Protein chains: 2
Amino acid sequence: MVDLAQHLTEGPVSLKSVADRQKLSERYLEQLVPDLRKAGMVKSIRGSQGGYLLAKKPEDILIGDVIRILEGPIAPVECTDQKSGEDCCEKTNFCVTREVWVKVRDSINDVVDSITLADLLEGVEKEEVERLNIFDEKA
Amino acid sequence: MVDLAQHLTEGPVSLKSVADRQKLSERYLEQLVPDLRKAGMVKSIRGSQGGYLLAKKPEDILIGDVIRILEGPIAPVECTDQKSGEDCCEKTNFCVTREVWVKVRDSINDVVDSITLADLLEGVEKEEVERLNIFDEKA
DNA sequence: CTATATCCTACTAAACCAATCGGAATTTGT
DNA sequence: ACAAATTCCGATTGGTTTAGTAGGATATAG
């Protein structure tokens with residue numbers, strides 16, 4: 001998603017180009033990106049010269065949403081997931097420790113929902129500036 | 001640990017009794033508890049009538065410490081672990097997303113280090129009160 | 001001496017996850 | 001019409017992790 005955002009002015013971005021730049025296999029990306037498309041995060045353009053585009057502005061993309069789409073619901077233990085989280089409390093005291101996991105879960109979600117794709121782009125720019133500075137020092 | 005804390009006045013607590021109450025296998029506990037002992041969380045007394053005791057007061061036991069002892073360092077991805085966290089940044093942009101994981105990691109540690117075993121004991125008591133209330137309503 | 005415990009070192013089985021594979025469907029450019 | 005580029009889909013693999021089991025050694029109270 002970061003790579004897509006960095007190249008959003010250049011038209012559709014092929015998975016091949018992302019794979020090359022990010023040193024990931026195209027096959028692997030091929031498996032992941034369709035989930036983002038189904039969730040309305042990216043738009044796809046098939047055929048030659050096709051590729052992917054962000055469906056929203058980077059400021060409007062929470063990385064929490066991206067993570068949840070790619071990795072499923074964020075839950076440190078199964079019973080803190082909304083769906084399947086009822087069957088574990090037969091055990092004495094289990095629900096006390098469950099409260100801990102609920103707090104952990106909420107805290108994680110708060111963090112990842114407080115960062116947008118645009119925030120990450122800023123980070124990339126900073127990094128590039130730093131790389132240039134190091135280069136200057138060496139020269 | 002919660003079970004141990006609940007029975008700390010009754011002398012050494014055997015894993016068998018914990019296993020019965022908490023519906024866990026004694027074998028499984030046998031595997032876990034020695035780690036807590038080595039870390040100075042509990043004291044063990046071998047032989048007949050032996051068992052385990054908390055080595056500190058419940059107020060002084062952070063559940064973050066318990067989790068880290070039993071599960072290892074808390075790190076959402078490998079490269080946010082102090083030791084092995086250097087080799088992944090060959091990838092372009094990787095360190096930008098790493099910042100996210102660092103924030104997640106710190107947030108998790110903050111949560112679990114803000115809760116003590118004593119806090120969980122309070123929760124157990126509340127739960128028991130609730131159970132009694134439900135019982136009363138039915139009667 | 002015996003029953004009750006902790007202690008230690010493996011081993012097993014299931015789940016999970018990154019990554020691969022083969023091939024079908026779609027579109028652009030010539 | 002054709003060829004190249006590209007998304008799309010389902011199945012499979014291989015490695016790691018993790019919950020749980022197993023066997024047997026060691027220590028202590030009564």
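Residue numbers start from 1 in every chain, and the chains themselves are labelled A, B, ... in the order their sequence lines are given, proteins ahead of strands. Keep in mind that the numbers below use all heavy atoms, side chains included, and drop hydrogens, waters and symmetry copies. What you see is a predicted model; the values in this text were computed from it and never measured.
- Rounded to whole angstrom, the span from the CD atom of A/Glu78 across to the C1' atom of D/dT18 amounts to 14 Å.
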Each nucleotide of nucleotides 6-16 of chain C classed B (base within 4.0 Å of a protein heavy atom), S (only sugar-phosphate) or -, in 5' to 3' order, makes BBB-B------

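- The distance between atom CG of A/Leu53 and atom P of D/dT6, rounded to the nearest whole Å, is 14 Å.
- Every residue two or more places apart in sequence or in another chain that forms a side-chain hydrogen bond (donor to acceptor under 3.5 Å, both in side chains) with B/Thr116 is listed here: B/Asp119.
- The side chain of A/Ser48 contributes no N or O atom lying less than 4.0 Å from OP1 or OP2 of D/dA3.
- For residues 28-52 of chain A, every residue pair satisfying the salt bridge (Lys or Arg N to Asp or Glu O under 4.0 Å) rule, not counting sequence neighbours, is listed here: A/Arg27-A/Glu30.
- Following rounding to the nearest Å, A/Asp35 (CG) and D/dG10 (C1') show an atom-to-atom distance of 13 Å.
- To the nearest angstrom, P of D/dT7 lies 10 Å from CG of A/Leu4.
- For B/Ser107, the side-chain hydrogen bond (donor to acceptor under 3.5 Å, both in side chains) partners two or more places apart in sequence, or in a different chain, are A/Ser107.
- Taking five base pairs at each end of the helix from C/dC1-D/dG30 to C/dT30-D/dA1 and finding the rotation axis that steps the C1' atoms of four pairs onto the next four gives two axes whose angle is 10°, to the nearest 10°.
- Applying the salt bridge (Lys or Arg N to Asp or Glu O under 4.0 Å) test to B/Lys16 and every residue at least two apart in sequence or in another chain returns B/Asp20.
- For A/Arg68, the side-chain hydrogen bond (donor to acceptor under 3.5 Å, both in side chains) partners are A/Asp65, A/Asn109, A/Asp113, not counting sequence neighbours.
- Applying the side chain to side chain donor-acceptor pair (under 3.5 Å) test to residues at least two apart or on different chains, none of the pairs has a partner in residues 48-64 of chain A.
- As rounded to whole Å, 13 Å separates atom C1' of D/dT7 from atom CD of A/Gln49.
- Other cluster members for A/Ile45: A/Leu53, joined by side-chain heavy-atom distances under 4.5 Å among Ile, Leu, Val, Met, Phe, Trp and Tyr.
- One distance of note links CG of B/Leu32 with CG of B/Leu70; it measures 6.0 Å at 0.5 Å rounding.
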